[in-house]
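Every heavy atom of this structure was used, including side-chain atoms; hydrogens, water molecules and symmetry mates were not. Order of listing sets the numbers, starting from 1, for every ligand and every atom in it.
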Amino acid sequence: MTRFATRKPEYLPKAYYNIKADLEEPPPPPLHPGTKQPLDPKDLEVIFPKGFIAHEISVEREVPIPGEVLEAYAQFRPTPLVYASGLKKYLETPADIFYKYEGVSPTGSHKSNTALVQAYLAAREGVRTLTTETGAGQWGSALAHAGALFGLEVKVFMVRASYRQKPGRKTLMKLFGATVEESPSPLTESGRVFYEKDPDHPGSLGIAISEAVELALKNQGSAKYCLGSVLDSVLMHQTVIGQEAIRQMDELGARPDLVVGCVGGGSNFSGLSFPYVRMRIKDKAAIRFLAVEPDACPSLTKGELRYDHGDASGLTPLLWMYTLGMGFVPPPIHAGGLRYHGMAPLVSHLVDKGIVEARAVAQPEVFEAARVFLRTEGILPAPESAHAVAAVIEEALAARKEGRKRTILFNLSGHGFLDMSAYENNGKSR
Ligand SMILES: *Cc1c(COP(=O)(O)O)cnc(C)c1O
């Protein structure tokens, strides 16, 4: 087996794949937080750029990628598709394991795929400032990079637990020219509620989202808010990953029977898997899909499927999703990007329909998987991505036990070279 698929420029798709065009039954719509009625897209205009809303509500199967964004993608896309021969050998498994490596993006994760198009769409309609939250810092740095590229000011609320654990990410955002605040902060009403009770409050993505949304609402006209996951359009932007993977796997003459990704809000998992979900829906392809979450923040495996707010203060629309409740503050585990109380409505829907399976893994197992992957494949995974690696190792060992050949494809959503403090202290926060 060839170790790498090629990265031919023509493998980069010209359009995003919108799974909503292929769902038999659409998921329940988002509701207005005040009236509890289905949301009018116009209501979103106070928060989001109009071009972004158009992506969010589109039901076209293919949504064209703007030329300027394609040019920005070409700096790092197509990303590598790698045959994990080292890992296979170490595990002595009959399973063939492949991964799509998103760590080659400018800030080291898949988040640039949506950051670049969101910044482009905002800049095109005259927005001057983007506000956002970040957990581990990958999203904040991806948006800081995209803002710098398209000439926008970027303000980031960073979850305090990560701000303190990952000073490298904060520095990177500042180098890109972004402003970074520890969240909960005293700067917004949403943050102050938590900050005044405890200035060392570890924070959560939900709280940081409230702060960033509030700032955009208070600066209407010049500022808009950007979200790095969860929403339909963000998942759609990530489908460049799976579309490339299909072409690269074809080149290697392989077809996965299991597609795996870690899930925080659900975007990298969806980006790789949705083009394959289409094959399962349309052609009845025998492919399993596995979403992997931390057992410390188990929205899919322990949460409830119901309407809930996307943030912690009830400012955002109500989304139909698996949720631990908007008040849930996850323990400060090292995979900051997976500390979110909810889950993308589209992923929630596919889990509910039995198309996507969910599994929770524990932090020690995740760090062990990262170590094994580093030693066998030479890449240190982001702690988030290591959740996918842990599940892949379990599946590959199950294949060995059954003596069955299988083809596993997973998303290595980012590298962990800015997460050294997490690896140094591994396990200590649990
Ligand atoms: C943000 C992040 C995640 C989790 O977010 P999703 O939207 O579920 O993809 C996973 N891996 C990395 C590297 C991230 O930066």
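- The pair Glu102-Arg77 meets the salt-bridge criterion, since a charged nitrogen lies less than 4.0 angstrom from a carboxylate oxygen.
- Using modelled atom types, one finds no donor on one side chain facing an acceptor on the other under 3.5 Å when comparing Ser233 with His55.
- Between Lys353 and Glu25, at least one side-chain nitrogen of the basic residue sits less than 4.0 Å from a carboxylate oxygen of the acidic one, meeting the salt-bridge criterion.
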Anything under 3.5 Å between an N or O on ligand 1 and a protein N or O? List each pair with its distance, or write none.
| unit_1 | atom_1 | unit_2 | atom_2 | d |
| --- | --- | --- | --- | --- |
| ligand 1 | 7 (O) | Ser229 | OG | 2.5 |
| ligand 1 | 7 (O) | Gly266 | N | 3.4 |
| ligand 1 | 7 (O) | Ser267 | N | 2.9 |
| ligand 1 | 7 (O) | Ser267 | OG | 2.7 |
| ligand 1 | 8 (O) | Gly264 | N | 2.7 |
| ligand 1 | 8 (O) | Gly265 | N | 3.1 |
| ligand 1 | 8 (O) | Gly266 | N | 2.8 |
| ligand 1 | 8 (O) | Ser267 | N | 3.4 |
| ligand 1 | 9 (O) | His110 | NE2 | 3.1 |
| ligand 1 | 9 (O) | Ser267 | OG | 3.3 |
| ligand 1 | 9 (O) | Asn268 | N | 2.8 |
| ligand 1 | 9 (O) | Asn268 | ND2 | 2.7 |
| ligand 1 | 11 (N) | Ser413 | OG | 2.7 |
| ligand 1 | 15 (O) | Lys111 | NZ | 2.7 |

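- Partners of Asp232 under the side chain to side chain donor-acceptor pair (under 3.5 Å) rule, at least two apart in sequence or in another chain, are Lys20.
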(request) May I have the step-by-step check of ring-ring contact (aromatic ring centres under 6.0 Å, His included) for Tyr83 and Phe4, ending in yes or no? (result) CA-CA 6 Å; Tyr83 179 61; Phe4 300 94; over 10 Å; no

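- When only modelled atom types and interatomic distance are considered, Gln238 and Ser270 share no side-chain donor-acceptor pair under 3.5 Å.
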